Amino acid sequence: MSFVEELRWRGMLHDIMPGTEELLNKGMASGYIGFDPTADSLHVGSLATIMTLIHFQRAGHKPYALVGGATGMVGDPSGKSAERSLLSEDALAVNLKGIQSQLERFLDFNSGENSAEIVNNYDWFKEFSFLHFIRDVGKHLTVNYMMAKDSVKSRLSGDSGMSFTEFSYQLIQGYDFYYLWKNKNCVIQMGGSDQWGNIVTGTELIRRKDAGEAYALTTQLIKKADGAKFGKSEGGNIWLDETKTSPYKFYQFWLNATDEDVKKFIRIFTLLDRETIEAMEAEHDAAPHQRALQKTLAKDITIRVHGEAAYEKAIQSSDFLFGNTGIEFLSELTNEEVLGIFEGVPNYTVQLADMQQGVNVLDLLAAQTAVFASKGEAKKMIQGGGAAVNKTKITSPEATYTAEDLINNKFLVVQKGKKNYFLIIAE
RNA sequence: GGGGGGAUACCAGAGCGGUCAAAUGGGACGGACUGUAAAUCCGUUGCUUCGGCUACGAAGGUUCGAAUCCUUCUCCCCCCA
């Protein structure tokens with residue numbers, strides 16, 4: 001199946017420039033996607049564009065992943081309603097490194113002529129002087145053209161204005177495309193649908209500067225069925241970096257996808273073929289409570305991002321935390337095994353001596369640990385029946401816990417709501 | 001340069017001298033139901049040693065008492081030139 005057909009049935013395709021499909025069907029082509037170094041890790045939102053690159057390579061084309069060492073210094077105004085603050089160059093360097101090492105996990109860098117490559121646009125911008133840039137690049141595009149872009153238009157009509165720096169962003173990204181086209185024979189740029197304007201500036205530059213042909217393709221922005229932004233959970237982003245989002249939490253994020261979303265996600269985020277997915281959907285509809293789709297989705301992505309071992313651990317933790325296993329189960333484990341199960345679950349340390357004296361729940365959960373932000377919140381939550389210790393609901397804000405309650409004389413398992421677990425370690 | 005309007009909790013937005021820790025809606029969080037779904041319903045949404053304390057753009061002032069009135073400042077919007 002061709003690359004474009006693949007994206008199409010998976011529901012990933014958003015927009016494609018005429019001629020793109022024909023070109024790709026003629027044989028191997030090179031294409032790229034840029035990644036913004038706005039943080040030191042990619043998140044699940046970037047995963048969709050990574051999948052695009054993976055499909056691109058699997059279809060026999062040569063993928064380039066561009067990390068934006070130069071563009072990151074300017075800041076993409078697309079989708080932003082206000083001027084962004086600039087990242088320091090130090091922070092940028094850290095971010096670039098983090099993102100680059102993550103990208104390396106997903107693509108095949110050893111597959112002959114269509115091996116993936118990672119490039120950094122800082123490499124061709126660092127020696128490019130401002131004067132040469134405005135002569136060689138800026139001269140080819142009119143301000144009128146640049147102002148017609150949505151990302152610029154919306155800012156000009158808004159209240160916050162737009163700096164020259166951000167206005168010029170599209171030229172920088174446009175030149176990236178030109179550079180890769182010229183030097184790496186890169187004929188297509190891909191990206192999320194919000195990147196269409198920037199990408200087309202590139203094809204336009206290539207046309208006007210060298211009368212060359214280049215192509216563009218964008219993918220659907222992922223939204224949840226209820227319209228909410230994809231990739232957030234309990235107030236935080238879901239990152240690919242295991243120190244920012246533990247594999248357990250990562251696994252849980254996918255496992256909790258709604259029935260409606262999961263059918264979309266499994267097409268976008270896994271490489272399973274159409275027959276397999278459709279068969280699985282039928283199975284899911286017959287027994288939705290088994291959540292076969294969610295489990296498959298979560299497994300597939302967790303393994304791809306964090307590896308088999310991390311997945312096994314996530315399963316083990318999930319089985320204990322959400323399965324029928326009673327709290328007694330923990331007493332049969334060694335301390336190391338308990339810690340293993342709770343790896344990725346936030347934990348706090350308290351004094352064993354205090355526990356021997358007995359500690360009031362509010363002090364325990366809001367003062368000695370940060371399970372709750374304040375005693376008031378803890379109190380309300382307990383009164384609302386939303387907190388539990390060792391899988392047993394806390395009945396009153398006056399309750400006291402002692403060393404007697406510790407499992408293995410060391411652990412206390414705390415739940416805030418049904419899904420948020422905390423481990424308290426007494427030592 | 002002249003004239004007018006505005007700034008309230010995560011967001012939107014009421015309140016215009018005491019009954020205001022501040023209506024209402026959204027969001028977020030929790031509970032029930034369930035499948036660790038969706039929908040629905042219910043509850044919570046400043047801190048507290050529960051005596052109070054800090055809060056309505058900032059700083060002062062009037063008053064027994066201010067989110068509400070006055071002064072100055074900062075920022076935003078609109079109209080005229």
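Letters A, B, ... mirror the listed sequences (proteins, then strands); counts begin at 1. All figures in this text were calculated on a predicted structure; none of them were measured in a lab.
A cation-pi arrangement is absent between Lys391(A) and Phe322(A) under the rule of less than 6.0 angstrom and at most 45 degrees off the ring axis. Within the cation-pi definition used here (under 6.0 Å to the ring centroid, within 45° of the axis), Lys62(A) qualifies as a partner of Tyr64(A).
One can place CG of Leu321(A) at 20 Å from P of G35(B), the figure rounded to the nearest angstrom. Distance, Phe322(A) CZ to U36(B) P: 9 Å, rounded to whole Å. Between the P atom of G35(B) and the CG atom of Asn256(A) lies a distance of 15 Å, rounded to the nearest Å. In this structure, Glu260(A) atom CD and G35(B) atom P are separated by 19 Å, rounded to whole Å. When rounded to the nearest whole Å, the span between NZ of Lys375(A) and C1' of C53(B) equals 16 Å. Remark: P of G31(B) and NZ of Lys416(A) are 12 Å apart, rounded to the nearest angstrom. Across the protein-nucleic acid pair, Glu377(A) atom CD and A28(B) atom P stand 16 Å apart, rounded to whole Å. Distance Gln383(A) CD to U44(B) C1': 11 Å, rounded to the nearest Å.
Taking side-chain N and O atoms only, Ser374(A) has no distance below 4.0 Å to OP1 or OP2 of G46(B). Listed pair Lys393(A) / G31(B) fails the phosphate criterion, with no side-chain N or O lying under 4.0 Å from OP1 or OP2. OP1 and OP2 of G30(B) both lie 4.0 Å or more from every side-chain N or O belonging to Lys380(A). Under 4.0 angstrom from either OP1 or OP2 of A37(B) there lies at least one side-chain N or O belonging to Lys419(A).
If you look at Phe250(A) and Trp239(A), their ring centroids are not closer than 6.0 Å.
Here the separation of U68(B) from G61(B), taken at their C1' atoms, is 15 Å to the nearest Å. Comparing C10(B) with U44(B), their C1' atoms sit 15 Å apart, to the nearest whole Å. Separation of the C1' atoms belonging to A9(B) and A14(B) is 13 Å when rounded to the nearest angstrom. When the C1' atom is used for both G15(B) and A66(B), the distance is 13 Å, rounded to whole Å. With both ends at atom P, the span from C70(B) to G25(B) equals 32 Å, rounded to whole Å. The same atom, P, is picked in C75(B) and in C69(B); the two are 23 Å apart, to the nearest Å. Between the P atoms of G27(B) and C73(B), the separation comes to 42 Å (whole Å). Look at the C1' atom in both U8(B) and C20(B): the space between them is 12 Å, to the nearest Å.
Each of Ala257(A) and Gly376(A) lies near RNA chain B, and the nucleotide nearest Ala257(A) is the one positioned closer to the 5' end.
Aromatic ring orientation, Phe128(A) versus Phe125(A): parallel (interplanar angle below 30°, classes split at 30° and 60°). Between Tyr175(A) and Phe133(A), the ring planes are perpendicular. Angles over 60° get that label, and only those under 30° would be called parallel.
Across every strand in view, C75(B) sits in a pair with G6(B) that passes the Watson-Crick or G-U test at under 3.5 angstrom. Base pairing analysis places C41(B) opposite G31(B); the two distances defining the Watson-Crick or G-U wobble pair are each below 3.5 Å. In this structure G1(B) sits in a base pair with C80(B), meeting the Watson-Crick or G-U test at under 3.5 Å.
Side-chain to base pairing of Lys418(A) with U34(B): one donor and one acceptor N or O lie within less than 3.5 Å of each other. The base of U36(B) sits within donor-acceptor range of the side chain of Gln252(A), with an N or O pair under 3.5 Å.
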